[in-house]
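Step one of this worksheet: look at the structure below.
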Amino acid sequence: QVQLVESGGGLVQAGDSLRLSCAASGRTFSTYTMGWFRQAPGKEREFVAAISSSGGSTDYTDSVKGRFTISRDLAKNTLYLRMNSLKPEDTAVYYCAADRGGWRAPYSDYAGSAGRLYDYWGQGTQVTVSS
């Protein structure tokens, strides 16, 4: 089992950057595929990005490609999401999640159900982008 705690959210202006962190407990962090999801008010949870257990593969939803970067530090048991050129439509609660089931990209193939693949979730961190 792994416990996940997100941090780094906040209120920023359009065009600004933020880096989210997700600290994982336990010694099995390196075995999980990790992902970031987000949920805006009144909308369903959305896949944002994923990274393989080794960090060698990544996948992104189209709306964040070229702006967001997912990474992981295995020595620190930490997952990151670097978000550049933020837009008001990026406003949401961002969640990190862990999947025991291995790499399953492209996650867009799951048509909004990618979250069902993940076994463990953090509590979320709010990101608000003002125009």
Side-chain angles (χ1 to χ4, degrees):
Q1 188 170 351
V2 62
Q3 293 183 326
L4 305 170
V5 179
E6 303 96 334
S7 62
L11 172 63
V12 297
Q13 293 187 332
D16 285 352
S17 298
L18 274 177
R19 188 180 77 163
L20 305 183
S21 299
C22 173
S25 66
R27 294 177 290 179
T28 57
F29 175 73
S30 63
T31 66
Y32 292 106
T33 291
M34 297 297 296
W36 287 99
F37 291 77
R38 66 187 180 186
Q39 188 166 20
K43 295 188 176 181
E44 293 186 351
R45 183 176 58 195
E46 174 189 25
F47 167 76
V48 176
I51 188 167
S52 62
S53 57
S54 67
S57 298
T58 57
D59 188 36
Y60 298 90
T61 191
D62 286 346
S63 63
V64 308
K65 284 179 181 177
R67 299 189 299 122
F68 290 12
T69 303
I70 188 171
S71 61
R72 66 194 299 169
D73 187 329
L74 297 179
K76 294 183 178 180
N77 273 16
T78 303
L79 176 73
Y80 301 101
L81 185 68
R82 177 68 179 183
M83 305 185 294
N84 296 329
S85 303
L86 282 161
K87 304 175 180 180
E89 51 263 43
D90 295 318
T91 295
V93 177
Y94 283 71
Y95 300 89
C96 69
D99 175 14
R100 296 174 296 181
W103 189 239
R104 315 190 217 205
Y107 288 86
S108 58
D109 283 357
Y110 294 92
S113 298
R116 298 181 183 179
L117 302 173
Y118 286 74
D119 304 289
Y120 305 107
W121 293 82
Q123 83 289 347
T125 186
Q126 176 70 47
V127 172
T128 303
V129 185
S130 64
S131 57

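Along the sequence shown, residues carry numbers from 1.
Nearest approach of Ser17 to Asn84, heavy atoms of both residues: OG-OD1, 2.9 Å. Ser71 and Ile51 get closest at one heavy-atom pair: CA-CD1, 3.7 Å. Taking each heavy atom of Leu81 and Ala49 in turn, the nearest pair found is CD1-CB, 4.3 Å. Here the closest heavy-atom approach between residue Tyr107 and residue Ala50 is recorded as CE1-CB, 3.6 Å. The heavy-atom pair separating Ala40 from Ala92 by the smallest distance is N-CB, 3.8 Å. In terms of heavy atoms, Ala14 sits closest to Ser131 at CB-CA, 4.4 Å.
Between the OG atom in Ser63 and the NZ atom in Lys87 there is a gap of 8.0 Å [rounded to 0.5 Å]. Of the inter-residue distances, the one linking Ser21 atom OG with Arg72 atom CZ reads 14.0 Å to the nearest 0.5 angstrom. The OH atom of Tyr80 lies 12.0 Å from the SG atom of Cys96; values are rounded to the nearest 0.5 Å. In this structure, CZ on Phe29 lies 5.0 Å from CE on Met34, to the nearest 0.5 angstrom. In this structure, the separation between CD on Glu44 and CD on Gln39 is 8.5 Å, given to the nearest 0.5 Å. Once rounded to the nearest 0.5 Å, the distance linking OH of Tyr118 with CG of Leu4 reads 11.5 Å.
Among residues two or more places apart in sequence or in another chain, the side chain to side chain contact (heavy atoms under 4.5 Å, CB included) test is passed with Gln1 by Tyr120.
With contacts defined as side-chain heavy-atom distances shorter than 4.5 Å, the pair Arg104/Leu117 qualifies. Contact of the Leu18 side chain with the Tyr94 side chain is not registered, since no non-hydrogen atoms from C-beta on lie closer than 4.5 Å. Put simply, the side chain of Thr91 reaches to within 4.5 Å of the side chain of Gln126, judged on heavy atoms.
Salt-bridge check for Asp62 with Lys65: passed, with a basic side-chain N closer than 4.0 Å to an acidic carboxylate O.
Looking only at distances, no side-chain donor or acceptor of Thr78 sits under 3.5 Å from a matching main-chain atom of Ala23. No donor-acceptor pair closer than 3.5 Å links the side chain of Ser85 to the backbone N or O of Arg67. Under the 3.5 Å distance criterion, the side-chain polar atoms of Glu46 are left unmatched by any main-chain donor or acceptor of Arg38.
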CA sep, side-chain torsions, deciding dist, call: Asp16, Val129, side chain to side chain contact (heavy atoms under 4.5 Å, CB included): CA-CA 8 Å; Asp16 285 352; Val129 185; over 6 Å; no
Derivation and outcome, side chain to side chain contact (heavy atoms under 4.5 Å, CB included), residues Asp119 and Asp99: CA-CA 5 Å; Asp119 304 289; Asp99 175 14; 3.7 Å; yes
Test log, rule side chain to side chain contact (heavy atoms under 4.5 Å, CB included), inputs Tyr32 and Arg100: CA-CA 5 Å; Tyr32 292 106; Arg100 296 174 296 181; 3.0 Å; yes
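Paired with Met83 under the rule side chain to side chain contact (heavy atoms under 4.5 Å, CB included), one option of Asp90, Val48, Leu20 passes, and it is Leu20. Partner of Thr61 under the side chain to side chain contact (heavy atoms under 4.5 Å, CB included) criterion, chosen from Phe37, Trp36, Phe47: Phe47.
Val64 and Tyr110 are members of different hydrophobic clusters when ILVMFWY side chains are connected at heavy-atom separations under 4.5 Å. There is no path of hydrophobic side-chain contacts, each under 4.5 Å, that joins Leu86 to Leu11. When the side chains of ILVMFWY residues are joined at heavy-atom separations under 4.5 Å, either directly or via intervening members, Phe68 and Val12 end up in a single hydrophobic cluster. Residues Val5 and Val127 are members of separate hydrophobic clusters, defined by side-chain heavy-atom contacts under 4.5 angstrom among Ile, Leu, Val, Met, Phe, Trp and Tyr.
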